[in-house]
Amino acid sequence: MDTEKVEKARNGNVDEIGNLLMENMKSMYRVAFSILKTEEEISDAISNTTVIVFEKMHTLKNAEFFKTWLIRILINECNDIHRKRKKNPISYDENECENYIKSEEETFENMGFDVLIRDLKEDEKMILTLYYCSGYSTKDIGKILKMKESTVRSKMFRAKEKLKNQYEGGYYE
């Protein structure tokens, strides 16, 4: 992350905040996609995150942690939307979800990964997404998710074992 850009953004340069958000849009989308189910929810989470970043950019303490800070805000917004959905469940049409997944696969390469991990637990999906799609280290993932690094590594190992069993025709244990 270019700390000079982040410093300009922290000092109120609105254009630079927009540039930083656009640079991280793909990562944001992948994270939101791994948590939420519909394009509307994903869009809401990213929009809410954008507003918060514009409002709170001046509170960022360390420029080198901008992306971690950004993703943490996004995860919190996704979790809020997810909680609201659980309180007021909506039945999703299977065909609508499949069409949505196909259209999103065309939008971003390698979205098959998201389809592959969709049956994992939420924390496992998040860890694999942050590690493989966003390029975070296990140490950074621990900071983002407020877990010990060893916990992140063990959850990642278990998730990969589940995927291996699924691929080999097994089942989750």
Side-chain angles (χ1 to χ4, degrees), residues 1-88 90 92 96-97 99-115 117-118 122-149 152:
M1 180 61 48
D2 185 356
T3 56
E4 187 177 310
K5 287 182 182 180
V6 177
E7 285 300 329
K8 287 180 183 177
R10 277 180 33 185
N11 291 326
N13 185 326
V14 176
D15 291 334
E16 209 59 65
I17 295 172
N19 291 338
L20 288 168
L21 287 167
M22 290 309 295
E23 287 174 15
N24 290 286
M25 192 58 65
K26 192 172 185 179
S27 293
M28 292 170 60
Y29 187 88
R30 285 187 179 278
V31 169
F33 186 86
S34 72
I35 299 171
L36 302 172
K37 303 294 183 215
T38 68
E39 183 63 35
E40 182 181 346
E41 290 175 335
I42 292 167
S43 179
D44 287 348
I46 291 173
S47 295
N48 294 347
T49 299
T50 300
V51 169
I52 291 169
V53 168
F54 273 97
E55 290 175 349
K56 304 286 184 179
M57 186 67 189
H58 67 281
T59 66
L60 176 64
K61 292 182 177 134
N62 193 332
E64 66 188 55
F65 295 124
F66 171 76
K67 190 169 181 181
T68 302
W69 179 73
L70 172 68
I71 298 299
R72 183 75 240 162
I73 292 169
L74 177 64
I75 290 169
N76 287 338
E77 288 303 309
C78 289
N79 288 338
D80 285 347
I81 290 169
H82 187 69
R83 268 191 300 278
K84 289 175 186 171
R85 180 177 6 111
K86 279 188 171 183
K87 286 181 181 177
N88 187 13
I90 301 169
Y92 294 103
E96 182 181 307
C97 290
N99 290 337
Y100 163 73
I101 290 168
K102 288 176 187 172
S103 68
E104 292 309 320
E105 284 177 336
E106 294 166 4
T107 305
F108 289 102
E109 66 276 359
N110 300 322
M111 289 304 280
F113 175 79
D114 295 305
V115 174
I117 66 169
R118 71 178 167 205
E122 292 301 319
D123 59 343
E124 294 169 338
K125 285 194 287 191
M126 183 58 58
I127 289 169
L128 292 179
T129 300
L130 290 171
Y131 187 81
Y132 289 110
C133 298
S134 297
Y136 284 101
S137 67
T138 54
K139 183 178 181 179
D140 289 338
I141 294 169
K143 287 179 186 174
I144 291 170
L145 299 179
K146 298 178 182 171
M147 293 179 186
K148 291 182 180 179
E149 183 180 3
V152 171

* Asked: Does a donor on one side chain and an acceptor on the other come within less than 3.5 Å for T3 and E64?
  -> no

* Side chain of R30, backbone of L130: donor and acceptor closer than 3.5 Å? -> no

* Kindly write out the residues that satisfy side-chain hydrogen bond (donor to acceptor under 3.5 Å, both in side chains) with D44, not counting sequence neighbours, or none if the list is empty. => none

* With sequence neighbours left out, what residues match S47 under side-chain contact (heavy atoms from CB on, under 4.5 Å)? -> S43

* Asked: Rounded to the nearest 0.5 Å, how far apart are OG1 of T68 and CD1 of I141?
  -> 10.0 Å

Please list every donor-acceptor pair under 3.5 Å in which a side-chain atom of residues 50-58 meets a protein atom from a residue at least two apart or in another chain.
from : atom 1 : to  : atom 2 : distance (Å)
T50  : OG1    : I46 : O      : 2.8
H58  : ND1    : E55 : O      : 3.3

* Can you tell me how far the CG atom of L60 sits from the CD atom of E7, to the nearest 0.5 Å? -> 8.0 Å

* What's the spacing between D123 CG and K125 NZ if we round to 0.5 Å? -> 10.0 Å

Check residues 71-79 and write down every donor-acceptor pair under 3.5 Å in which the side-chain atom is one partner and the other belongs to a residue at least two apart or another chain.
from : atom 1 : to   : atom 2 : distance (Å)
R72  : NE     : I144 : O      : 3.2
R72  : NH1    : I144 : O      : 2.1
R72  : NH2    : N76  : OD1    : 2.9
N76  : ND2    : R72  : O      : 3.4
E77  : OE1    : N48  : ND2    : 3.3
N79  : ND2    : I75  : O      : 3.3

* Look at the rings of F33 and Y29 and say which category their plane angle falls in: under 30° parallel, 30 to 60° tilted, over 60° perpendicular. => parallel

* To do: Determine, step by step, whether M126 and I35 satisfy the side-chain contact (heavy atoms from CB on, under 4.5 Å) criterion, reporting the C-alpha distance in whole Å, the side-chain angles of both residues, the deciding distance to 0.1 Å, and the verdict.
  => CA-CA 7 Å; M126 183 58 58; I35 299 171; 2.7 Å; yes

* Structure fact -> The salt bridge (charged side-chain N to carboxylate O under 4.0 Å, His left out) partners of K143 (sequence neighbours excluded) come to none

* Non-hydrogen atoms of Y131 and Y136 that approach each other most closely -> CD1-O, 3.3 Å

* Asked: What residues, two or more places apart in sequence or in another chain, satisfy salt bridge (charged side-chain N to carboxylate O under 4.0 Å, His left out) together with E16?
  -> none

* Structure fact -> Scanning both residues in full, the closest heavy-atom pair of I81 with A45 reads CD1-N, 3.5 Å

* **From K8 atom NZ to L20 atom CG, the distance as rounded to the nearest 0.5 Å** => 10.5 Å

* **Full working for side-chain contact (heavy atoms from CB on, under 4.5 Å) between M147 and I127** => CA-CA 11 Å; M147 293 179 186; I127 289 169; 4.2 Å; yes

* Considering non-hydrogen atoms only, spot the tightest contact between A32 and I42 and give its length. => CB-CG2, 3.8 Å

* What distance separates E23 CD from M28 CE, expressed to the nearest 0.5 Å? -> 12.5 Å

